[in-house]
Amino acid sequence: MNQQKDDAHTTREDLVAANLAVSAFTYEERVVETITLGKIFDAHGVPYYLKCDIEGVDEEVLNQLVLDPRRPKFISCELSDIGIMARMFSAGYRLFQIVNQYWNPAIDVTEPAREGRFAPVQFTGHMTGLFGLELPQHKWLTLDEAVHLYQTWIELRRIDPEFAPGWCDCHATHLSREELAGSNAFA
């Protein structure tokens, strides 16, 4: 458990070591109870949207999703490498959006909502932002297109981190473009 930054807890010792090497963070080891994704689905049903952000362990959730035939219509994970998108694809997701979380405060949430009820909100750097049908419809990409976009962003960060600030989430759906264009994804 990170003692200074509550969004930097992790179960991966290599991430702890890397953080300790470049910052003044301190960590405390804690034992926590875990549960599988399948048991969560058994107990609570399959969610419409699954947000995964487990600081370096998102791929484990995706590995469990690959083995379970039940699928949320929409999922998102913090994007640490293209392996995240590959696992989403292996789980049956075919359309992707790369969202730079840095820009969430600039998102203008407009009425009417494409699904559910409209909720006026100003996103911050501590919120995931839009998801599902609320994401811009023209930005859904194939796996190859999404990988190319992410690799371009990584290259821009390598050249000048200030030119490509932030961190990215990858959103994915198993819905077709035609279903995304429809007005009711709840059916």
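No experiment lies behind these values; they were computed from the predicted model shown.
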Asker: Check whether Q137 reaches the backbone of L135 with its side chain - one donor and one acceptor, N or O, closer than 3.5 Å.
Answerer: yes
Asker: Please name all residues satisfying side-chain hydrogen bond (donor to acceptor under 3.5 Å, both in side chains) with E60, sequence neighbours left out, ordered by chain then number.
Answerer: Q64
Asker: Do E59 and D81 pass the side-chain contact (heavy atoms from CB on, under 4.5 Å) test, and can you show the C-alpha distance, the side-chain angles, and the key distance before you say yes or no?
Answerer: CA-CA 10 Å; E59 221 167 310; D81 60 59; 4.1 Å; yes
Asker: Given the rule in the side-chain contact (heavy atoms from CB on, under 4.5 Å) test, do W140 and L180 qualify, once you have shown the distances and angles that lead to the verdict?
Answerer: CA-CA 9 Å; W140 287 106; L180 288 169; 3.6 Å; yes
Asker: If we check side-chain contact (heavy atoms from CB on, under 4.5 Å) with R70, which of these qualifies: L37, V46, L65?
Answerer: V46
Asker: Where do S176 and L95 come nearest, in terms of heavy atoms and distance?
Answerer: C-CD1, 4.1 Å
Asker: For the residue pair T128 / D169, report whether a side-chain donor-acceptor contact shorter than 3.5 Å exists.
Answerer: yes
Asker: Which ring pair (Phe, Tyr, Trp, His ring centres under 6.0 Å) pairs, counting each pair once, include a residue from residues 92-115, with sequence neighbours left out?
Answerer: Y93-H174
Asker: Should V66 and I82 be regarded as members of a common hydrophobic cluster, given that ILVMFWY residues are connected when their side-chain heavy atoms come within less than 4.5 Å of each other, either directly or indirectly?
Answerer: no
Asker: Would you check if the side chain of D58 reaches a backbone N or O of L79 as a donor-acceptor pair within less than 3.5 Å?
Answerer: no
Asker: Evaluate the side-chain proximity of I159 to E155: yes if any heavy-atom separation is below 4.5 Å, no if none is.
Answerer: yes
Asker: Can you list every side chain to side chain donor-acceptor pair (under 3.5 Å) pair that touches residues 31-40, not counting sequence neighbours?
Answerer: none
Asker: As an exercise, state the distance from SG of C168 to OH of Y150, rounded to the nearest 0.5 Å.
Answerer: 6.5 Å
Asker: Listed by chain and number, what are the salt bridge (charged side-chain N to carboxylate O under 4.0 Å, His left out) partners of E178, not counting sequence neighbours?
Answerer: none
Asker: From L149 CG over to I154 CD1, what is the distance, rounded to the nearest 0.5 angstrom?
Answerer: 10.5 Å
Asker: I would like to know whether F131 and K51 meet side-chain contact (heavy atoms from CB on, under 4.5 Å); could you show each step before the answer?
Answerer: CA-CA 9 Å; F131 67 90; K51 167 63 174 158; over 6 Å; no
Asker: Between R157 and G166, is there a donor-acceptor pair closer than 3.5 Å when you use the side chain of the first and the backbone of the second?
Answerer: yes
Asker: I'd like to know if W167 and I98 are part of one continuous hydrophobic network [Ile/Leu/Val/Met/Phe/Trp/Tyr, side-chain heavy atoms within less than 4.5 Å].
Answerer: no
Asker: Output yes when a side-chain donor or acceptor of R114 lies under 3.5 Å from a complementary backbone atom of L133, and no otherwise.
Answerer: yes
Asker: Look at the side-chain heavy atoms of Ile, Leu, Val, Met, Phe, Trp and Tyr, link any pair under 4.5 Å apart, and say whether F74 and I40 land in one connected group.
Answerer: no
Asker: How far apart are the closest heavy atoms of A164 and L156, and which atoms are they?
Answerer: CB-CB, 3.8 Å
Asker: Which class fits the ring pair Y49 and H171: parallel under 30°, tilted 30 to 60°, perpendicular over 60°?
Answerer: parallel
Asker: I need the L143 CG to M88 CE distance, nearest 0.5 Å.
Answerer: 10.5 Å
Asker: How long is the span from the CG atom in L141 to the SG atom in C170, to the nearest 0.5 Å?
Answerer: 9.0 Å
Asker: Compare every heavy atom of P47 with every heavy atom of L50, then report the nearest pair and how far apart it is.
Answerer: CB-CG, 4.3 Å
Asker: Please determine which of V57, V61, I84 meets the side-chain contact (heavy atoms from CB on, under 4.5 Å) test together with C52.
Answerer: V61
Asker: Whether R94 engages the ring of F89 as a cation-pi pair (distance to the six-membered ring centre under 6.0 angstrom, angle to the ring normal within 45°) should be assessed.
Answerer: yes
Asker: Does the Q101 side chain pair with the main chain of E78, one donor and one acceptor, at a distance under 3.5 Å?
Answerer: no
Asker: Holding to side-chain hydrogen bond (donor to acceptor under 3.5 Å, both in side chains), I want the full list of residues that pass it with T173, two or more places apart in sequence or in another chain.
Answerer: none
Asker: Report the residues that fulfil side-chain contact (heavy atoms from CB on, under 4.5 Å) with I107, sequence neighbours left out, ordered by chain and then residue number.
Answerer: N104, V109, F123, L130
